[in-house]
Structures are given as structure tokens and as C-alpha cells.
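Reviewing the structure listed below.
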Amino acid sequence: MSRPWAITTPIYYVNGLPHIGHTYSTVVADTMARYHRMAGEDVYFQTGMDEHGEKAETAAAENGETPEAYTTRIARTWQTTWDKLGISYDRFIRTTEPDHKIAVQRLAQAQWDAGQIEFREYEGLYCVGCERFLTERDMEDGLCKDHETAPDPRREANYFFKMSEHFAWLADLLEKQPDFIQPARYRNEVLAMIREGSGLDDLCISRPKERLSWGIELPFDPDYVCYVWFDALINYMTGCGYPDQPGWEERWQACEHLIGKDILKPHGVYWPTILHGAGLPLPKALHVHGHWQIADRKVSKSLGNLIDPLRIAERYGFETFRYFMLREMSFGLDGSFSEAVMVERVNAHLSNALGNLLSRTLNMTERYCEGVVPEPGEMGEPEAAVRTAAATAAAEVDRHVRAYESSQALEALFRLVDATNKYVDLREPWKAVKDPERAEEVRTTLYTCCQALRSIALLLAPFVPDAAATMLERLGIAGLAEQARLPADAAAWDTLEAGTATTKGDALFPRLELVADE
RNA sequence: GGCGGUGUAGCUCAGCCGGUUAGAGCGACGGUUUCAUAAGCCGUAGGUCCCCAGUUCAAGUCUGGGCACCGCCA
């Protein structure tokens with residue numbers, strides 16, 4: 001049995017439509033999942049929707065729908081989007097599903113039994129319009145900022161998880177296991193959040209049903225439902241099989257979470273302490289990425305910075321969008337999205353460097369070698385250099401992908417593309433072909449190019465799967481991506497069989513033109 | 001107000017524990033080639049490494065102060 005490995009996207013809140021931020025998270029997770037699958041690991045990849053809570057209940061009511069109908073409708077839209085974009089998730093989980101409800105109740109019960117939960121009565125200023133207690137930040141001159149009304153003093157009783165008792169443990173964990181939250185900047189932020197005097201305290205994990213009914217009932221008090229974050233976070237474990245599926249712990253402890261920096265606190269503080277309080281094991285790591293700034297074009301303020309992935313896919317092709325996000329964003333830092341820059345990058349990398357290499361190689365193979373992978377002669381210095389470049393690329397891609405550094409991984413991969421282009425120019429097969437005595441050299445050159453393209457396609461498969469599949473198909477080794485093992489098979493040489501038919505085909509990545517907005 | 005981050009060529013960024021003339025990719029410009037998606041290849045262009053002070057034989061790289069932007073908290 002191969003080694004388990006799991007990855008989760010954030011559990012997206014059932015609200016609106018996916019934009020570039022969600023798409024980026026999902027694409028990174030998909031790329032990671034595809035790579036680990038190709039590395040022969042037993043991969044589980046989960047994404048899904050967080051469907052409970054006040055906001056969903058309110059939105060449903062505004063639409064004249066039941067919460068069930070509303071959340072089902074929105075969830076379908078999201079799932080359809082991921083399907084259209086070819087995201088290879090293993091499960092699209094919804095927090096309204098029965099197994100999740102069981103998981104939440106079991107975990108809440110475990111905390112209750114462990115004495116981690118306390119019932120407390122408190123008083124605060126409640127805004128009827130907001131349907132929640134306000135903090136100072138929400139008010140101006142004693143009025144709710146949103147509703148400009150005075151909040152009522154109100155008493156309420158709720159269940160609290162004694163979260164602050166676990167801060168020392170968490171700080172200690174982050175010292176001993178610095179890789180638990182990556183990159184390090186976010187680990188430091190979490191340490192700052194739980195430092196003495198930072199203000200973070202215990203976590204309210206319930207809502208009285210009279211105020212909110214759209215939630216999972218607390219197992220020890222039917223008058224209350226779970227606070228939405230407490231409910232939502234547990235989805236990651238539900239998907240791994242908690243509590244009853246045999247062997248869930250193994251998968252769970254190999255599970256890596258991928259999130260945006262906006263939800264660092266729930267994932268970096270709430271989640272590990274909740275698990276610790278319930279006496280449950282932790283996932284393997286938390287990987288935190290930055291946000292996309294939208295650089296060009298006027299973006300309507302009311303719509304916000306909405307980049308609709310389907311619209312981009314329609315205009316430019318999803319794989320180019322995907323390539324751009326993975327190549328352009330330094331993991332952990334903010335990135336800048338602009339269609340103009342995307343077009344520029346994609347043309348330079350995918351069309352000019354890679355697409356053209358494939359195109360010239362296959363064209364010459366067709367013209368000079370009857371359209372089959374030729375029988376190579378002796379390998380010289382330049383051929384050995386390409387072979388070394390492939391081995392280097394395979395090793396570097398592996399290292400960077402495992403560290404979530406997709407940008408550096410693609411950079412390393414394109415060094416192989418460049419090396420191969422330089423190699424062709426050095427050998428000049430279009431000249432050599434005119435000299436009958438150099439026939440063997442031509443065959444060796446084109447064999448080497450095909451072999452390099454095979455490595456490139458394999459390494460590229462997790463990033464742009466469709467294009468990589470097309471490349472392999474044209475090289476006469478369709479479906480190889482499904483059987484190959486990374487990184488070893490991308491570094492392997494002399495694996496192509498002479499005589500295999502190749503197909504020239506159309507441009508793999510036609511050059512893009514910037515589409516003008518209407 | 002507190003804590004943290006970021007500030008390096010037009011753009012996006014590398015530069016680890018301080019050490020030869022500060023790097024890469026893209027773009028720009030010039031040359032060359034024709035197998036190829038007006039692609040490839042070769043070369044060039046020159047940036048006060050945010051500012052000031054300090055430590056050091058030596059500082060983008062360490063220390064202190066300042067400025068700008070961002071994040072978290074209050």
C-alpha cells in the first residue's frame with residue numbers, strides 16, 4: 001500500500017461565486033494532488049462548501065428560499081465551476097452532509113467529555129439588524145455602523161471552548177515543529193496572536209437556536225447549534241473518515257491544509273487547539289498563501305475585484321490562466337493579476353519557448369525522419385548536456401513542488417525547455433540534413449529533442465494537464481502521464497522507442513491577444 | 001496605538017549563516033538564423049539594492065532611527 005497523502009482547499013463559504021482567490025487555492029491544491037499522485041502516493045484531495053450559519057440563513061430568506069434549497073443551489077454552482085475547470089478533487093464535501101454532522105457532534109462530545117467546554121452567561125450589546133453582538137469596532141457614537149441604530153443590552157448564555165488554556169501548548173508546538181505553519185511569516189503571526197496580552201481568549205462555539213436554527217445541534221444541549229467555524233473546520237477530518245472509518249487517522253495525519261492568509265486565525269489557532277482539546281491528532285501542516293491584487297482594468301467597485309475564472313477560461317483558455325497563477329505568484333506573498341501581463345507571460349513561456357520547441361521538433365521529425373521517433377546514434381557532449389538538464393529539472397521540480405513553490409518549480413522546468421531550444425540551434429539539423437553523411441547526427445538530434453520533450457511533458461502534467469497530455473500524444477506515448485512515476489521517470493533517458501509514430505498537430509499554445517473589454 | 005511583514009533593473013522577483021565587477025525571467029534595443037507559433041539563438045542596455053546614521057578590514061545582507069505600503073491585533 002502506497003503512502004497516504006491528503007490536501008484540502010479552504011472550505012469555501014456558501015456565498016457568491018468563485019473568484020480568482022478561490023480559483024488560485026483550488027488550482028494549487030489540484031496541482032499538488034496531481035504531482036503527488038504521479039509520485040505514486042495514495043492521494044486524497046478535498047474541496048467543498050461551508051453551508052451553515054447566519055449569513056446563509058439570511059441570504060436564503062432574502063431569496064425566498066429555504067436554507068437547504070439555497071445552499072444546494074450555490075454549492076452546485078461551485079462544484080460545476082471546478083468540474084468545468086478540470087479540478088481533480090476526490091470529494092466535494094458539504095457541511096450539511098450526514099457524515100459531517102456525525103463528525104461534528106462526535107468531536108463536540110469529545111470536548112465536552114474532556115471538560116473543555118464551559119457554559120457561560122454574559123452580557124453585551126446586541127444589534128437586531130446584524131443579528132449579533134457588537135464590538136467597539138462595529139460602533140460609532142454608540143450606534144451600529146451598519147444600521148445606525150442603538151444596540152440593546154442583552155444577556156445571552158453560550159458554550160465556550162477553553163481555547164486560551166491551549167495557547168502555551170500551541171506556542172510550544174510551533175517552536176518544536178516550525179514547519180507546521182508555512183511559510184514562516186505566518187507561523188510568526190500565529191505566535192503573535194496567542195502571545196500573552198494579545199486579546200485572543202476563549203472561543204464561543206454555540207449559538208442559541210432562537211437566534212440561529214441553521215446549524216448542527218450540539219449533542220449535549222438541543223437548544224443550541226454549533227458556531228459556524230467550529231462546524232466548518234471539522235470538514236477536513238470528516239473527509240478523511242473521522243470518526244468511524246477504519247484507518248482515518250493515518251490519512252488525517254498526512255493531511256495538508258492549504259488556505260489564504262485571510263483565514264489564518266481560524267486555521268492556525270482555533271483548529272489546532274480544538275483538536276488538542278478533544279484529544280485528537282493534528283494534520284500534517286498548514287500552508288498559507290497570499291492574495292491577488294488586481295492590477296489593470298477598471299474594476300467596478302460594487303462588484304469588487306471579481307475575476308471570474310470561467311470568463312478568463314473562455315477568453316484565454318483555462319490552462320494558460322492556471323499556468324500564469326502558478327508561475328507568477330510567489331507562494332505566501334501577494335501577487336498581481338493583470339490580463340496584459342498574463343498574455344505576455346503565456347506567450348513568452350508557453351507559446352514561444354515551449355510550444356515552438358514542440359512544433360519545430362515534430363515538424364523536423366516529420367520532414368526528416370518520416371514522422372517517427374528516429375533511431376539515435378552515439379550520444380555526444382551536447383546530448384549528454386540535455387540529458388543532465390532533464391535530470392536536474394526533475395530533481396528541482398520535485399523539491400520545489402513539495403515545498404509548494406510552484407513558481408520556482410516552473411522556472412526550473414523551463415530551464416530545460418531553454419536548454420533544449422539552445423541544443424537544437426547548436427546542432428542545426430536543418431543544415432545537417434542536407435549532408436547525407438550527417439544523417440545519423442540528424443537522427444540523434446531529433447531523438448534527443450523528443451526525449452527532452454517527454455521529460456518536459458511529464459513534469460508539466462501536474463501544472464497544465466491537458467497540454468501535457470497532448471504533448472505526450474503527439475510524441476506517440478499517449479497516456480504515459482498516468483503510468484509514469486515522478487520524478488524518476490522524467491529523469492530517465494533512452495526510453496523512447498525508435499519507430500514510434502509522432503503527430504505534428506496544430507499550435508499547442510497559440511499566441512494570445514489581449515481581449516479588449518466592451 | 002501594539003506586533004509583524006514588505007520596500008533590489010520598466011515589470012515580477014532571487015539574493016542562506018555579511019566577503020570578488022549586485023543576479024534571473026519577462027519586456028526593450030541591436031545582431032543572426034529559417035526547422036518552427038513574426039517563434040529560436042547571440043549580444044547590449046545599466047539599478048542611490050527606500051532614506052539617514054552606526055558596527056565591521058568588508059553591508060541589499062547586521063544594529064538604531066526615519067519614510068512608504070500591506071497584514072494582524074487593539
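Both backbone and side-chain heavy atoms feed into the values below; hydrogens, waters and symmetry mates do not. In this text the structure is predicted, and so the values were computed from the model without any measurement. So that the names make sense, note that chain A is the first sequence line, chain B the second, and so on, each numbered from 1.
- Candidate nucleotides B/A14, B/A36, B/U34 were compared by shortest atom distance to the side chain of A/W430, and B/U34 ranks first.
- In this structure, A/F331 has its ring center at least 6.0 angstrom away from the ring center of A/H400.
- Note: CD1 (A/I181) to P (B/C72) measures 16 Å, nearest angstrom.
- The phosphate of B/C70 (OP1 or OP2) has no side-chain N or O of A/K261 nearer than 4.0 angstrom.
- Counting heavy atoms from C-beta on, the side chains of A/V397 and A/Y35 come closer than 4.5 Å.
- Base orientation of B/G60: syn, since the glycosidic angle falls within 90° of 0.
- For residues 371-378 of chain A, proximity to RNA chain B is found at no residue, defined as any non-hydrogen atom under 4.0 angstrom from a strand atom.
- Nucleotide B/C41 forms a pair with B/G31, judged by Watson-Crick or G-U wobble geometry with both contacts under 3.5 Å.
- For the pair A/R511 and B/A39, the criterion of a side-chain N or O lying under 4.0 Å from OP1 or OP2 is met.
- With hydrogens and angles disregarded, no donor-acceptor distance shorter than 3.5 Å links the side chain of A/T95 to the backbone of A/D50.
- In terms of phosphate contacts, A/K504 brings no side-chain nitrogen or oxygen within less than 4.0 Å of OP1 or OP2 of B/A36.
- Ring-plane geometry between A/F414 and A/H349 is classed as tilted, the angle between the planes lying from 30 to 60 degrees on a 0 to 90 degree scale.
- Distance NZ (A/K431) to P (B/G40): 18 Å, rounded to an integer number of Å.
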Write down the protein N/O and nucleotide N/O pairs, taken from nucleotides 22-26 of chain B, whose separation is under 3.5 Å; answer none if there are no such pairs.
unit_1: B/G25; atom_1: O2'; unit_2: A/H349; atom_2: NE2; d: 3.4
unit_1: B/C26; atom_1: O2'; unit_2: A/E344; atom_2: OE2; d: 3.1
unit_1: B/C26; atom_1: O2'; unit_2: A/R345; atom_2: NH1; d: 3.2

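- Between the C1' atom of B/A74 and the CE atom of A/M193 lies a distance of 13 Å, rounded to the nearest Å.
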Can you tabulate the close N/O pairs, meaning under 3.5 Å, that link protein atoms to atoms of nucleotides 1-7 of chain B?
unit_1: B/G5; atom_1: O2'; unit_2: A/R185; atom_2: NH2; d: 3.2

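- The separation between A/N352 atom CG and B/A28 atom P is 11 Å, rounded to whole Å.
- With A/L362 as the fixed residue, the side chain to side chain contact (heavy atoms under 4.5 Å, CB included) test singles out one of A/L475, A/T503, A/L446, A/L508: A/L475.
- For A/N421 and A/L508, each mapped to the nucleotide of RNA chain B holding its nearest heavy atom, the one lying further toward the 5' end belongs to A/L508.
- A centroid separation of less than 6.0 Å is found between the aromatic rings of A/F161 and A/H166.
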* Applying ring pair (Phe, Tyr, Trp, His ring centres under 6.0 Å), run through A/W271 and A/H276 and close with a yes or a no. => CA-CA 9 Å; A/W271 188 221; A/H276 187 243; over 10 Å; no
